[in-house]
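Start at 1 and go down the list; that is how both ligands and their atoms are numbered. For the single chain, residues carry numbers from 1 onward in sequence order. Everything quoted here is computed from the prediction, not taken from an experiment.
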Amino acid sequence: MSKKIELFFISSEVSPFSKTGGLADVSYALPKELQKQGINVSIFTPKYAVIDDNKYNLQDVPNSEFQIQIGEKLLEGKLKSLQIEENLKVYFVVNDHYYGRSGLYVDPVSNSDYSDNMERFIFFSRGILEAAKKINLKPHIIHCNDWQTGLIPVYLKTLYSEDPFYNKTKSIYTIHNLAYQGIFDKGEYYKIGLSWEFFSIDGFEFYDRINFMKAGIIFADKITTVSEKYAEEICSSVDYGYGLEGVLKNRKSDLYGILNGVDYTNWSPSRDKYIPKKYNSRDLTKKILNKKELLKRFNLPFDENIPTIGIISRLADQKGFDLIEAAADELMQMPLQLVVLGVGEQKFQNFLERLEAQYPEKVGIYIGFSEELAHLIEAGSDMFLMPSRYEPCGLNQLYSLKYGTVPIVRATGGLDDSIVQFNRDEQSGTGFKFYEYNRDALLNAVKLALEIFKDKTLWKKLMINGMKQDFSWRNSAKKYVKLYKNLIK
Ligand code: ADP
């Protein structure tokens, strides 16, 4: 029998330990499925202050202490760990100075990025490579995710290329969101620990600044992103590529789109531990009870015939709040209610709060992060709105399908790949899509959804079409396994 693949899965957030968005969900659910499919997986993630050692009973990892030189500073770290399954372990990189703070990347008080984010993720990347040597855990493949890990493929091909411990190790770099690239001033380049030779157009350099994501894309053995459509989009134009479209086009033959999956043990209405009433596609009456509870929480009146539209989202440009704002007056004339859970940019928060103040009977807003409320919104809403400007994969539309909460989405990235337009005559499809990024297109999609909603039989059919979809990780994880096997052949 061939030896098992040893995989490091590196991520700056892993649910349930730390989370700001979809990356966290993926970074737990995918390794869990990979492990089922016969891979030995070690997840590495920072030990942030929000992660309670006692709650999770984290174990010290003997002999894992390491030192990293960042510029003038010599810094120390170590690992803690948690065994999840026999072949799945999470390693937490410990350094209280860098990670013992209340936010993951952003200072919640000033609402701006930590000024030493570059150092924090240099330390993380090199720390993993050093600590793994210390504990003699040797990976065949290191699977990196997003800009925070972009240095690892570079280090493997530079500082560690002659190191017998790593000289056969391959890297995969997954892009979850190209808009966040890890761009830093070149005055800080010395901290990376590489010669200036690598600060070039074929390396870190990006308009005279340092770009971690660019370096990751250039140095990784293979690159993936989280839907086929997004893989095409990011090579095609600056609107999606954010300046890296040329770099990506150069590596197109090594770029794969693999749609994210759903962990249905966590996101399915028949097993959901957060919602008041569990339900399934054979008994949809209980969904109404969740709707009642949801509206009560938001102080909104309940009416079975008025659809509730849910939104759960980072409040960021990407997510289409400017479109909602442009369409708001007209939307508010329609027979609907809007429930929004989100946290992020102040300007969107202000807009939502204004809307709620103006239409208290129709709009409910919760500014903050709440896992429990996210589940209740999925279960209690009739429709789910994602008018994203771009969307690498998107998870909430996938969750919504399983909850019989019909998605209304802009046809971009993973939203386009996962939602099929409802066809009234054939009663096929799973949601409503619009293509142009403008208010009229959004309004037309909502109007059509409201129209279909009036026909209870048709609406039920649409809900059930969605609930029957299977976006479990099994198929997508198989694609990653194939990629790993090809890489180390
Ligand atoms: P992104 O990763 O761009 O934020 P995704 O749709 O891929 O978007 O994933 C978002 C994830 O984060 C989902 O699991 C969603 O439920 C969750 N989420 C986003 N905002 C909040 C919030 N304010 N409270 C709770 N969960 C949230």
Side-chain angles (χ1 to χ4, degrees), residues 11-30 50 103-106 108 145-148 174-180 225-227 229-230 234 240 242 258-269 272 274-275 294 297-298 310-321 339-345 348-349 352 364-381 384-403 405 407-410 412-419 431 471 473 476:
S11 179
S12 60
E13 52 185 274
V14 179
S15 178
F17 312 107
S18 55
K19 173 167 172 176
T20 66
L23 173 63
D25 291 7
V26 172
S27 300
Y28 192 73
L30 173 57
V50 286
L104 268 55
Y105 323 115
V106 173
N145 296 280
D146 272 354
W147 75 261
Q148 293 88 345
T174 298
I175 300 165
H176 296 261
N177 195 329
L178 203 58
Y180 303 89
T225 188
V226 290
S227 66
K229 180 86 186 263
Y230 192 60
I234 55 180
Y240 294 98
Y242 281 80
I258 302 177
L259 196 71
N260 284 336
V262 177
D263 180 355
Y264 286 124
T265 57
N266 192 21
W267 290 100
S268 117
D272 194 319
Y274 292 106
I275 62 177
L294 174 67
R297 288 278 284 277
F298 280 91
I311 295 180
I312 304 163
S313 178
R314 287 182 296 112
L315 304 181
D317 275 325
Q318 169 197 346
K319 301 293 183 178
F321 287 97
V339 164
V340 187
L341 165 64
V343 64
E345 282 183 51
F348 298 126
Q349 192 174 315
L352 291 168
I365 305 294
Y366 181 94
I367 301 293
F369 199 91
S370 165
E371 193 69 27
E372 183 258 339
L373 203 48
H375 286 253
L376 183 60
I377 291 176
E378 285 293 1
S381 305
F384 197 91
L385 181 60
M386 290 180 82
S388 305
R389 187 181 287 276
Y390 70 91
E391 195 60 74
C393 174
L395 290 173
N396 279 112
Q397 85 281 12
L398 303 178
Y399 302 157
S400 297
L401 289 173
K402 196 44 89 192
Y403 285 76
T405 302
I408 304 171
V409 304
R410 173 155 182 266
T412 180
L415 296 174
D416 198 24
D417 282 353
S418 60
I419 303 301
F471 285 99
W473 267 107
S476 297

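Of the N or O atoms in Trp267, none lie within a sub-3.5 Å distance of an N or O in ligand 1. Where the criterion is an N or O separation shorter than 3.5 Å, residue side chain and backbone included, Leu395 meets it with respect to ligand 1. Polar contact with ligand 1: absent for Leu341 (N/O pair, distance under 3.5 Å). Close N/O approach between Lys319 and ligand 1 is found [any backbone or side-chain N/O within under 3.5 Å]. The shortest N or O to N or O distance between Gly368 and ligand 1 is under 3.5 Å. At a 3.5 angstrom cut-off on N or O pairs, Glu371 does not count as close to ligand 1. Where the criterion is an N or O separation shorter than 3.5 Å, residue side chain and backbone included, Arg314 meets it with respect to ligand 1.
Between Asp417 and Lys229 there is no salt bridge, since no side-chain nitrogen of the basic residue lies less than 4.0 Å from a carboxylate oxygen of the acidic one. Salt bridge absent: Glu345 and Arg314 never bring a charged side-chain N and a carboxylate O closer than 4.0 Å. Salt-bridge check for Glu372 with Arg297: passed, with a basic side-chain N closer than 4.0 Å to an acidic carboxylate O. Ion pair Asp25/Lys19 flagged as a salt bridge, since at least one NZ, NE, NH1 or NH2 atom sits closer than 4.0 Å to an Asp/Glu carboxylate oxygen.
With rounding to the nearest 0.5 Å, the separation of CD in Glu391 from OH in Tyr240 is 11.0 Å. Within the model, atoms CG of Leu341 and CD1 of Ile312 stand 6.0 Å from one another, a figure rounded to the nearest 0.5 Å.
Residues Ser227 and Leu259 approach most closely at CB-CD1, 3.6 Å, considering heavy atoms. Across Ser12 and Leu23, no two heavy atoms sit closer than the pair OG-CD2, 3.9 Å.
Ring centroid separation for the pair Tyr242 and Tyr390 comes in under the 6.0 Å cut-off. Aromatic pair Tyr399/Trp267: centroids less than 6.0 angstrom apart.
Cation-pi contact between Lys402 and Phe471: absent, since separation from the ring centre below 6.0 Å together with deviation from the ring axis within 45° is not met.
In this structure, Cys393 does not count as a contact residue of ligand 1, since none of its heavy atoms falls inside 4.0 Å of the ligand.
The Asp25 neighbourhood of ligand 1 comprises atoms 14 (O), with distances under 4.0 Å to a heavy atom of that residue. Residue-ligand proximity, Ser313 to ligand 1, at heavy-atom distances under 4.0 Å covers atoms 20 (N). Less than 4.0 angstrom separates some heavy atom of Tyr399 from each of these atoms of ligand 1: 14 (O). Set against the non-hydrogen atoms of Gly21, the atoms of ligand 1 under 4.0 Å away are 2 (O), 4 (O), 11 (C), 12 (O).
In this structure, atom 11 (C) of ligand 1 lies nearest to the protein heavy atom Gly22 N, 3.6 Å. Considering only non-hydrogen protein atoms, atom 24 (N) of ligand 1 sits nearest to Ser370 N, 3.0 Å. Protein heavy atom in closest approach to atom 22 (C) of ligand 1: Phe369 CD1, 3.4 Å. Nearest protein heavy-atom contact of atom 18 (N) of ligand 1 is Ile312 CG2, 3.8 Å.
Under 4.0 angstrom from ligand 1, the non-hydrogen atoms of Lys19 all belong to its side chain.
Counting heavy atoms only, Asn396 comes closest to atom 16 (O) of ligand 1 of the residues Ile311, Leu398, Leu373, Asn396.
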